[in-house]
Chemist: 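Below you will find the structure I want to go over with you.
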Protein chains: 2
Amino acid sequence: MARQPTSDAIARPGPPTAHDVARLAGVSQSAVSRSFTPGASVSEKTRQKVLKTAKELGYRPNLIARSLITQRSNLIGVAIPHLGNPFYATLLEALSEDLAEHGYRAMLFPAPMSAFVDPLIEEMLSFRLGGLILVSSSLSSGLAEECLRIGLPVVQVNRVSSRGTVSTIVGDNRGGAAQVAEFLVAGGHERIAYMAGLEASSTNHDREEGFTECLARHGRSLSHRVVANYSAEQARDHARILLARPDRPDALFCANDHMAIAVLSVARAEFGLVPGRDISIVGFDDTRLSAMPEFSLTTFRQPVIEMARDAADVLHRMISAPDAEATRTVLPGELVIRGSARLPG
Amino acid sequence: MARQPTSDAIARPGPPTAHDVARLAGVSQSAVSRSFTPGASVSEKTRQKVLKTAKELGYRPNLIARSLITQRSNLIGVAIPHLGNPFYATLLEALSEDLAEHGYRAMLFPAPMSAFVDPLIEEMLSFRLGGLILVSSSLSSGLAEECLRIGLPVVQVNRVSSRGTVSTIVGDNRGGAAQVAEFLVAGGHERIAYMAGLEASSTNHDREEGFTECLARHGRSLSHRVVANYSAEQARDHARILLARPDRPDALFCANDHMAIAVLSVARAEFGLVPGRDISIVGFDDTRLSAMPEFSLTTFRQPVIEMARDAADVLHRMISAPDAEATRTVLPGELVIRGSARLPG
DNA sequence: CTGAAAGCGCTAACAC
DNA sequence: GTGTTAGCGCTTTCAG
């Protein structure tokens, strides 16, 4: 053992234990434990005595030891991509606050969207967390099964999985993208282009499909299509090429605001284009930036705050009722019309 | 006990334990432990056998149990304010990645800058974390002493504490603010104003003092002073009042970019002012937004990436060498001259 | 209401 | 090299 025997009177390193308090208060160690357990059976007298000496010693119950024996943890693993995208920053903040309201704490796992997340999940599993929230990344079917087997609640946010075994919360990607298509067609645009996000992601898949299918219903199709993987840098690069073309699109739907704002900036600063007049740019998400007069981005709003709240609620419910079914939530959004795209009529 | 006895053959709930693996592999439980400990003394034969059955069973060592006995945790508590401010979002992302490189994971504690953080720290202490990183919030002297006593490494980022007992990492707040003052005076401004952040924060204190002292050296003083508590909303509100005054300032130094950008936006959109010509606006931090042509904010850069890296490094060093002295790091920055403020000469 | 005792899953001496 | 044993700090029966 690394430590001195507990019976030793000399000062040990590290925080005091329930044993230390018990000895000093002249009670049993279980009495100490009970004094810190809300509904437990202790006389008020003992409890006060314990609490007093505990304060003197600076004793605090060791939550790690507790979780080891109670077999549950109030730690939630949160895998989330690049916080430079305000959508994720906002989501994470809301998520951690909502989790806190249920008494949970978030353990952060930075998860590049494009990365293979299985090793990350493996690590999460090693911590015996109370639950997992996966933002924009999904479980391989093998791991999904494993979580199910060991009874670990998982909710995926902003991504649906191939299999129906894990709970998901998403915005209305298809419907939203269709509304954008409708709006752009009504605006009388000639060459409508699409800037894709990460092609392996369900969000991009759904947005692109919703967009192109609606276009098709109007007998239209994409004039251009580029892939910028949800990255602002790649969006800028593609914008420079795309906008320099002689057959430049007069409307560009970007799979998220992060890319749309990068494109809008390049269009204005480097090509002298006036968004909403010379070119229509539309995004998806409605992040904080999009509402600023500098960008005034027309976009489809995802209800990010509710997505976070729902995720925390669903997870909490799954933890409380271990054999609840997996749920799939699609949260409605709305088209927010600002100045970056030409209006119909 | 909540569980069936381990000797029971029926399927228990929950993940398999080292015991389960040991029984199936026909070795002792310690052999299993050793097989998962890098430098341990096991024959390759045993190790392979163990690893094989472990994989079959889906066994993973329980990190919680491990940390209970090894008396150390690779979990780092990170208290950080509002992620809507890109400075913090970037800092958190870098921080969690740098921590991961050292083998640590971040446990997230949302900490409103204005809030009294002692209860939050108390909770952090209950988790027996390996270390604490406090961004823009500081320990009360009582808790600082306690951390010292129990040997818990703490580093404060972007805030200095009154007492010298905890390690700190800050940018050059005084020097940076002085450079801004120098620049504004040289630019020939008549009425120089200051928009304060949170008055209780050391960052605001140092920036304001560095700014006004430099002004004083030039025989100048503040024409106006408002307090917006590092909030974009409050910055907007104050901007509306300030810019409507007949004696409106012709230069405004905001204690961070988050406020400066809000002010800049209002000045342009609501007052028709051209930043850099009609009014000079300067920020502090140099967040991602400031470099965009839409804002082109003149600002003093804080080396956020290095701040994160240093914080992770210092913490790691403190964890490795428990009785190292507290360090105080001041990272240099640089004035980034863009278009939002009139140039000298 | 209270203490003694048995573990949660694991690591680290300690013998052999 | 390997198994046995004693805990880490705590919760939870189980007697009394």
Side-chain angles (χ1 to χ4, degrees), chain A residues 1-8 12-23 25-50 54 57 59-74 125-128 150, chain B residues 1-8 12-23 25-50 54 57-74 125-129 150:
Chain A
M1 292 301 91
R3 274 198 185 203
Q4 312 285 334
T6 309
S7 54
D8 213 333
R12 291 159 311 134
T17 73
H19 239 104
D20 300 333
V21 178
R23 236 172 334 125
V27 297
S28 76
Q29 186 266 343
S30 2
V32 177
S33 171
R34 282 194 272 259
S35 301
F36 283 93
T37 309
S41 172
V42 223
S43 72
E44 194 50 29
K45 187 160 154 287
T46 321
R47 223 178 70 90
Q48 288 309 329
K49 189 164 51 177
V50 167
L57 256 48
Y59 169 76
R60 263 175 288 272
N62 183 333
L63 261 38
I64 294 301
R66 175 181 291 176
S67 82
L68 185 59
I69 188 159
T70 59
Q71 304 281 358
R72 56 221 158 79
S73 157
N74 66 341
L125 259 26
S126 296
F127 278 102
R128 302 300 191 270
I150 65 181
Chain B
M1 292 305 89
R3 276 198 182 203
Q4 312 284 334
T6 308
S7 54
D8 214 333
R12 291 159 310 133
T17 74
H19 238 105
D20 299 333
V21 178
R23 236 174 332 126
V27 297
S28 76
Q29 186 265 342
S30 6
V32 177
S33 171
R34 282 194 272 260
S35 302
F36 282 93
T37 307
S41 171
V42 223
S43 72
E44 194 51 30
K45 189 160 154 285
T46 321
R47 223 178 71 90
Q48 288 309 330
K49 189 164 52 177
V50 168
L57 254 49
Y59 168 76
R60 263 176 289 272
N62 182 333
L63 261 37
I64 294 300
R66 174 181 291 176
S67 81
L68 185 60
I69 187 159
T70 59
Q71 304 281 358
R72 56 222 158 78
S73 158
N74 65 342
L125 259 26
S126 296
F127 277 103
R128 301 300 189 271
L129 303 167
I150 64 180

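Letters A, B, ... mirror the listed sequences (proteins, then strands); counts begin at 1. Keep in mind that the numbers below use all heavy atoms, side chains included, and drop hydrogens, waters and symmetry copies.
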Chemist: Assess whether one donor atom and one acceptor atom, taken from the side chain of B/T70 and the base of C/dA12, lie less than 3.5 Å apart.
Modeler: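 Between C/dA12 and B/T70, which were checked side chain against base, a qualifying N/O pair under 3.5 Å is absent.
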
Chemist: Taking only N and O in the side chain of B/R66, is any of them less than 4.0 Å away from OP1 or OP2 of C/dC10?
Modeler: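 It does not, given that no N or O in the side chain of B/R66 lies less than 4.0 Å from OP1 or OP2 of C/dC10.
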
Chemist: Checking contacts here: which listed nucleotide (D/dC10, C/dC10, D/dG3) is nearest the side-chain heavy atoms of A/N62?
Modeler: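 From the listed options, D/dC10 comes nearest.
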
Chemist: Which heavy atom of B/R66 sits nearest to which heavy atom of B/P61, and what is that distance?
Modeler: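 Heavy atoms of B/R66 and B/P61 come nearest at NH2-CB, 3.7 Å.
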
Chemist: Please give, in whole Å, the distance from C/dC10 C1' to B/L63 CG?
Modeler: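 For the pair B/L63 CG and C/dC10 C1', the rounded distance is 11 Å.
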
Chemist: Check the distance between C/dG9's P and A/R72's CZ and give it to me in whole angstrom.
Modeler: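 Interatomic distance, CZ of A/R72 to P of C/dG9: 15 Å.
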
Chemist: If the cut-off is 4.0 Å, is A/S43 near the phosphate of C/dT2, judged by side-chain N/O to OP1 or OP2?
Modeler: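 Answer is yes, contact under 4.0 Å.
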
Chemist: Name every donor-acceptor pair, under 3.5 Å, that has one atom in a side chain of residues 29-41 of chain B and the other anywhere in the protein, sequence neighbours excluded.
Modeler:
| residue | atom | partner | partner atom | Å |
| --- | --- | --- | --- | --- |
| B/S30 | OG | B/S28 | OG | 3.3 |
| B/S35 | OG | B/A31 | O | 2.7 |
| B/T37 | OG1 | B/S33 | O | 2.9 |

Chemist: Between B/S41 and D/dG1, is there a side-chain N or O to OP1/OP2 distance below 4.0 Å?
Modeler: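 Yes, B/S41 has a side-chain N/O under 4.0 Å of OP1/OP2 on D/dG1.
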
Chemist: Which pair of non-hydrogen atoms, one from A/L125 and one from B/R60, has the smallest distance, and what is that distance?
Modeler: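 So the two residues come closest at CD2-NH2, 3.2 Å.
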
Chemist: Should B/S33 be listed as having a side-chain N or O under 4.0 Å from OP1 or OP2 of C/dC10?
Modeler: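 Result: no.
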
Chemist: Would you mind classifying the nucleic acid contact of B/R60 as base, sugar-phosphate or nothing, using non-hydrogen atoms under 4.0 angstrom?
Modeler: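 Sugar-phosphate only.
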
Chemist: Which nucleotide wins on minimum distance to the side chain of B/S30, given the candidates D/dC10, D/dT4, C/dT11?
Modeler: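 Of the candidates, D/dT4 comes closest.
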
Chemist: Find the distance A/K49:NZ to C/dC1:C1' and express it as a whole number of Å.
Modeler: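 It is 12 Å, rounded to the nearest whole Å.
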
Chemist: So, is B/T46 close to the D/dT2 phosphate, meaning a side-chain N or O under 4.0 Å from OP1 or OP2?
Modeler: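 Checking B/T46 against D/dT2: at least one side-chain N or O falls below 4.0 Å of OP1 or OP2.
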
Chemist: May I ask you to verify if any side-chain N or O of A/T17 is less than 4.0 angstrom from the OP1 or OP2 atom of D/dG9?
Modeler: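 No, outside the criterion.
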
Chemist: Mind checking if B/Y59 touches a base, just sugar-phosphate, or nothing, with heavy atoms under 4.0 Å?
Modeler: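 The residue B/Y59 makes sugar-phosphate contact but no base contact.
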
Chemist: Which nucleotide in the list D/dG9, C/dG7, D/dC8 gets nearest to the side chain of A/I69?
Modeler: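 Selected nucleotide: C/dG7.
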
Chemist: Between A/R128 and A/S73, does a side chain to side chain contact (heavy atoms under 4.5 Å, CB included) hold up when you go through it step by step?
Modeler: CA-CA 7 Å; A/R128 302 300 191 270; A/S73 157; 5.8 Å; no

Chemist: Rounded off to whole Å, could you give me the CD-to-C1' distance for the B/Q29 and C/dA13 pair?
Modeler: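 Those two atoms, CD and C1', are 14 Å apart.
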
Chemist: Going through the distances and angles, do A/V50 and A/Y59 end up as a side chain to side chain contact (heavy atoms under 4.5 Å, CB included)?
Modeler: CA-CA 10 Å; A/V50 167; A/Y59 169 76; over 6 Å; no

Chemist: Quick check on DNA chain D: between B/V42 and B/L68, whose nearest nucleotide comes earlier from the 5' end?
Modeler: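 The residue mapped nearer the 5' terminus is B/V42.
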
Chemist: Assign B/V32 to base, sugar-phosphate, or nothing according to its heavy-atom contacts below 4.0 angstrom with the strands shown.
Modeler: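 Result for B/V32 = nothing.
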
Chemist: Between A/Q71 and C/dG9, does any side-chain N or O lie under 4.0 Å from OP1 or OP2?
Modeler: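 Looking at the OP1 and OP2 atoms of C/dG9, one of them is under 4.0 Å from a side-chain N or O of A/Q71.
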
Chemist: When the nearest nucleotide of DNA chain D is assigned to B/A31 and to A/R34 on a heavy-atom basis, which residue is associated with the more 5' position?
Modeler: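 Upstream on the strand: B/A31.
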
